[in-house]
**Q** 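This is the structure I want to talk about, given as structure tokens.
Sequence lines set the chain letters: A, B, ... in the order given, protein chains first and strands last, and positions in each chain run from 1. What's counted below: heavy atoms across the whole structure, side chains too, no hydrogens, waters or symmetry copies. It should be emphasised that the depicted structure is a prediction, and the values quoted were computed from it without experimental measurement.
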Amino acid sequence: MREQLIRAIEAALARLLAESGGQPGAAGLPDFAVEAPRQAAHGDFACNAALLLAKRLGRPPRELAAGLIEHLGDAGGLVARAEVAGPGFVNLWLAGRNWHGLLQRILSEGPSYGRSQAGGGRPVQVEFVSANPTGPLSVGHGRQAILGDCLARLFEATGWKVQREYYFNDAGRQMRVLGESVRARYLEQLGRAAPPPQQALDNDSLPWPETLDGLPVHFPRDGYQGDYIGEIAAELRAQHGGALTAEPGDGIFRREAQARIFGEIRATLERLGVHFDRFSNEQALYAEGCVEAVLDDLRAAGRVRQEDGATWLCSTALGLPRDRVLVKSGGESTYLLPDIAYHREKLRRGFELVVDVQGADHKDQGPYVKAGIAALGLDAARIEFLFHEFVTLSTGGKAVKQSTRRASFVTIDELLEGGPDSPGVSPDAFRFFMVQRRAGSHLDFDLGLARETDWTRNPAFYLQYAHARTHGIERQARERGIAMPAADELQAGHLSLPEELELIRKLGEFPEVVERAAAARAPHHVAYYLREVAGLWNPYVQDAARHRVLGDDAAQRSARLGLTLAVRTVLANGLGLLGMGAPERM
RNA sequence: GCGCCCGUAGCUCAGUUGGAUAGAGCGCCAGGUUGCGGACCUGGAGGUCGCACGUUCGAGUCGUGCCGGGCGCGCCA
């Protein structure tokens with residue numbers, strides 16, 4: 001509908017230009033906008049073309065706007081009213097039947113309303129979470145999980161072929177420390193080693209004992225302190241008894257810890273409704289020779305130099321602030337080298353676009369990976385980074401202490417499960433709260449609000465309740481033997497109240513919202529939009545004195561039931577984009 | 001010190017490739033209404049869009065410089 005209008009305006013502009021002696025043809029058309037104005041009094045759509053042309057033609061914008069209206073006419077029955085407004089806007093009101101046609105379209109398209117083929121089936125990869133399996137996922141990972149998943153859903157909805165991938169570094173020191181931590185706890189439980197004193201664990205500057213009460217202290221200085229480490233050790237002890245005392249930390253301890261923790265991580269993601277198509281890891285890149293090959297190719301490209309026994313990427317020459325180490329003097333790689341190899345593999349797998357969702361602490365890394373990719377002669381523009389700021393927890397405006405130190409952070413599971421005297425957060429509410437803000441903003445997670453089960457207070461439930469209400473009305477209709485209208489029998493002409501037209505107009509925006517959210521990599525647009533739809537629909541239903549859906553006039557009742565179905569369609573499709581359930585009753 | 005991000009109502013935050021009188025939720029004030037499904041409806045107060053210059057017919061949006069906050073600036077992981 002908006003597309004039709006744009007074409008009509010283009011044609012009218014072309015005639016106007018020809019008359020004014022401007023350049024004919026599409027080249028002479030300004031890059032004008034046709035938007036739904038903020039204020040309803042400014043029409044269904046507003047166009048700024050006259051303002052853009054005024055300078056070029058040397059004529060007053062209002063005069064051009066009047067000319068545009070004249071040439072536009074009723075645009076083949078599309079436009080009911082047009083006026084010049086403000087400095088030279090053209091405000092347009094569509095003929096009523098166009099809005100009614102929109103309702104029919106929503107009903108007939110159903111689940112595909114709002115989807116498009118703009119992506120043309122091109123392959124895109126979204127990589128997210130990617131936390132190393134050293135412990136449970138934190139709330140910050142949760143934001144990334146939801147953000148990445150919703151972005152993937154947006155790509156799917158706009159016609160891309162999406163792969164969700166989780167990549168983790170398992171070749172470096174971090175996983176070895178994990179194994180050593182488990183081994184130390186195992187030995188402590190067997191009475192073969194002593195646990196390090198808590199003061200030393202909490203304070204880096206305190207001395208670290210080698211022995212305690214005659215027993216050796218094996219726990220690594222920067223080891224993982226969470227209770228789950230001891231639990232893994234206990235399970236190993238239950239399974240193997242004391243038979244593992246001679247095993248190295250980097251062997252069975254590490255493997256078991258990794259497997260179990262990864263299992264927990266996957267279970268957590270499952271609870272949130274987040275699925276991955278592929279898990280990949282750093283070790284495989286080494287095993288397949290990808291890392292070495294990248295180093296060779298960078299060397300061949302002349303982008304590598306030696307200094308102090310280390311191998312450096314000449315990123316300064318590529319416009320970055322400094323050079324960075326690829327291979328340490330000890331022979332081990334930094335993360336940068338395998339990261340470059342990893343991204344080359346992604347591009348080799350044929351992705352048109354690769355989006356990495358990462359926390360703000362990775363902001364500095366992206367450019368170096370891209371520089372490496374560019375140095376390999378590949379198109380770095382196909383790699384995008386979506387960085388999200390951190391999450392803080394608050395309740396009633398008061399910040400919840402969330403120490404980043406060691407293991408004392410809040411995990412997703414803790415939040416979902418709640419505690420003895422605090423209810424858990426539902427996965428749907430968790431998802432909504434996590435996509436509510438744009439990625440670049442700090443996210444204040446209001447625990448009190450997220451736990452709230454009153455739909456009028458909790459914004460996540462407010463949306464779901466709006467959806468459930470459409471089913472509630474249908475149930476009532478069924479009980480009275482009233483049939484729901486089919487798309488082709490919808491007589492929407494009976495919807496003429498301002499709030500009804502406003503609602504319909506809002507429903508019509510959905511496809512643009514999805515498109516914009518996908519293009520901007522900004523799922524929060526969907527969340528805000530749904531809030532607006534629900535914010536129109538809930539009061540509409542509530543105010544039965546003014547407009548009862550199941551009233552006595554059969555024709556009007558049928559039209560309002562059609563509106564109900566259209567609202568349901570948009571809410572269900574939108575909730576689907578956020579990965580939230582669309583319940584039929586609450 | 002350098003780089004990236006953020007600064008919008010009392011609070012938490014939206015604000016479409018630059019558009020008209022800057023919005024929402026929560027909170028606050030006044031009045032009305034009472035449940036097709038569970039407190040909703042109407043109105044109101046509340047803003048130098050961090051500050052200052054600049055570009056433009058037009059700036060919350062773009063540019064430059066300051067101020068304030070976050071993150072990052074290792075052969076760490």
**Q** Under 5.5 Å centre to centre and under 30° between planes: does that hold for His362(A) and the six-membered base ring of rG72(B)?
**A** no
**Q** Donor-acceptor pair, distance only, cut-off 3.5 Å: does the side chain of His141(A) make one with the backbone of Ser138(A)?
**A** yes
**Q** Can you list the steps and then say if Asp339(A) with Lys370(A) is a salt bridge (charged side-chain N to carboxylate O under 4.0 Å, His left out)?
**A** CA-CA 10 Å; Asp339(A) 275 355; Lys370(A) 292 183 82 159; over 6 Å; no
**Q** Looking only at side-chain atoms of Asp361(A), point me to the closest of rC71(B), rC36(B), rG37(B).
**A** rC71(B)
**Q** Counting any heavy atom closer than 4.0 Å, what does Ala46(A) reach on the DNA or RNA strands: base, sugar-phosphate only, or nothing?
**A** base
**Q** If you pin Gly535(A) and Phe390(A) to their nearest nucleotides in RNA chain B, which one's is more 5'?
**A** Gly535(A)
**Q** Would you tell me if any nitrogen or oxygen in the side chain of Arg438(A) comes within less than 4.0 Å of OP1 or OP2 on rA14(B)?
**A** yes
**Q** Considering every strand and a 4.0 Å limit on heavy-atom distances, what is the contact class for Asp444(A): base, sugar-phosphate, or nothing?
**A** sugar-phosphate
**Q** From the options rG70(B), rC13(B), rC36(B), select the nucleotide whose nearest atom is closest to the side chain of Glu389(A).
**A** rG70(B)
**Q** Looking only at side-chain atoms of Arg516(A), point me to the closest of rG15(B), rA20(B), rU16(B).
**A** rU16(B)
**Q** Would you say His525(A) reaches rG15(B)'s phosphate, i.e. side-chain N/O to OP1/OP2 under 4.0 Å?
**A** yes
**Q** So Trp208(A) and Phe219(A), would you call those rings parallel, tilted or perpendicular, with 30° and 60° as cut-offs?
**A** tilted
**Q** Would you classify Gly472(A) as touching base, sugar-phosphate or nothing, given that sugar-phosphate means primed atoms plus P, OP1 and OP2, and contacts are heavy atoms under 4.0 Å?
**A** base
**Q** Can you list everything that forms a salt bridge (charged side-chain N to carboxylate O under 4.0 Å, His left out) with Arg305(A)? Sequence neighbours excluded, please.
**A** Glu307(A), Asp323(A)
**Q** Quick test of your reading of the model: are Glu515(A) and Arg115(A) salt-bridged, counting only N-O distances below 4.0 Å?
**A** no
**Q** When Watson-Crick pairs (N1 to N3 and N6-O4 or O6-N4) and G-U wobble pairs (N1-O2 and O6-N3) count only below 3.5 Å on both distances, what is the dot-bracket string of RNA chain B, with | for other-strand pairs?
**A** (((((((..((((.....[...)))).(((((.......))))).....(((((..]....))))))))))))....
**Q** Polar atom pairs between nucleotides 55-59 of chain B and protein, under 3.5 Å, N or O only, would you list them?
**A**
{"unit_1": "rC57(B)", "atom_1": "OP1", "unit_2": "Lys55(A)", "atom_2": "NZ", "d": "3.1"}

**Q** Need one value for Ser329(A): base, sugar-phosphate or nothing, where a base atom within 4.0 Å counts as base even if backbone is also close, heavy atoms only.
**A** base
**Q** How about Trp455(A) and Phe461(A): are their ring centres within less than 6.0 Å of each other?
**A** no
**Q** Report yes if at least one side-chain N or O of Arg457(A) is closer than 4.0 Å to OP1 or OP2 of rG27(B); otherwise report no.
**A** yes
**Q** Contact class for Asp339(A) (heavy atom, under 4.0 Å): base, sugar-phosphate, or nothing?
**A** nothing
**Q** Between rG15(B) and His524(A), is there an OP1 or OP2 to side-chain N/O distance shorter than 4.0 Å?
**A** yes
**Q** What nitrogen or oxygen pairs link the protein and nucleotides 60-64 of chain B at under 3.5 Å?
**A**
{"unit_1": "rG60(B)", "atom_1": "O6", "unit_2": "Arg38(A)", "atom_2": "NH2", "d": "3.3"}

**Q** Taking all non-hydrogen atoms of both residues, which atom of Ala131(A) and which atom of Tyr166(A) are closest, and how far apart?
**A** O-OH, 2.6 Å
**Q** Using a strict cut-off of less than 4.0 Å between a Lys/Arg side-chain nitrogen and an Asp/Glu carboxylate oxygen, indicate whether Glu584(A) and Arg475(A) qualify as a salt bridge.
**A** no
**Q** Give the nucleotide from the list rC75(B), rA77(B), rA20(B) with an atom nearest to the side chain of Arg173(A).
**A** rA77(B)
**Q** When you check the gap from the basic side-chain N to the acidic O, do Glu332(A) and Arg176(A) get nearer than 4.0 Å?
**A** yes
**Q** Just the rounded figure in Å: distance from P of rU12(B) to CZ of Phe433(A).
**A** 15 Å
**Q** Of the options Gln476(A), Arg478(A), His471(A), which is the one that meets Glu474(A) in a side chain to side chain donor-acceptor pair (under 3.5 Å)?
**A** Arg478(A)
**Q** Roughly how many Å is it from OH in Tyr528(A) to C1' in rG15(B), rounded to a whole number?
**A** 9 Å
**Q** May I ask you to decide whether Asp44(A) forms a salt bridge with Arg81(A), counting only side-chain N to carboxylate O separations under 4.0 Å?
**A** no
**Q** Does Gln542(A) put a side-chain nitrogen or oxygen below 4.0 Å from OP1 or OP2 of rG37(B)?
**A** no
**Q** Check every strand shown and say whether Arg322(A) touches a base, only sugar-phosphate, or nothing at a heavy-atom separation below 4.0 Å.
**A** sugar-phosphate
**Q** What about Tyr462(A): does its side chain form a donor-acceptor pair under 3.5 Å with the base of rG25(B)?
**A** no
**Q** Identify all pairs in which a protein N or O lies below 3.5 Å from an N or O of nucleotides 29-31 of chain B, and state each distance.
**A**
none

**Q** Which residues pass the salt bridge (charged side-chain N to carboxylate O under 4.0 Å, His left out) test with Glu10(A), not counting sequence neighbours?
**A** none
**Q** Rounded to the nearest 0.5 Å, how far does CG of Leu326(A) lie from CZ of Arg299(A)?
**A** 9.0 Å
**Q** Check whether any side-chain nitrogen or oxygen of Thr311(A) sits under 4.0 Å from OP1 or OP2 of rC75(B), and answer yes or no.
**A** no
**Q** Could you work out the separation of rC4(B) and rC41(B) based on their C1' atoms and round it to a whole Å?
**A** 47 Å
**Q** Is the Tyr335(A)-Tyr342(A) ring centre distance short of 6.0 angstrom?
**A** no
**Q** Quick check: does any side chain N or O of Ser558(A) sit under 3.5 Å from a backbone N or O of Ala554(A), one acting as donor and the other as acceptor?
**A** no
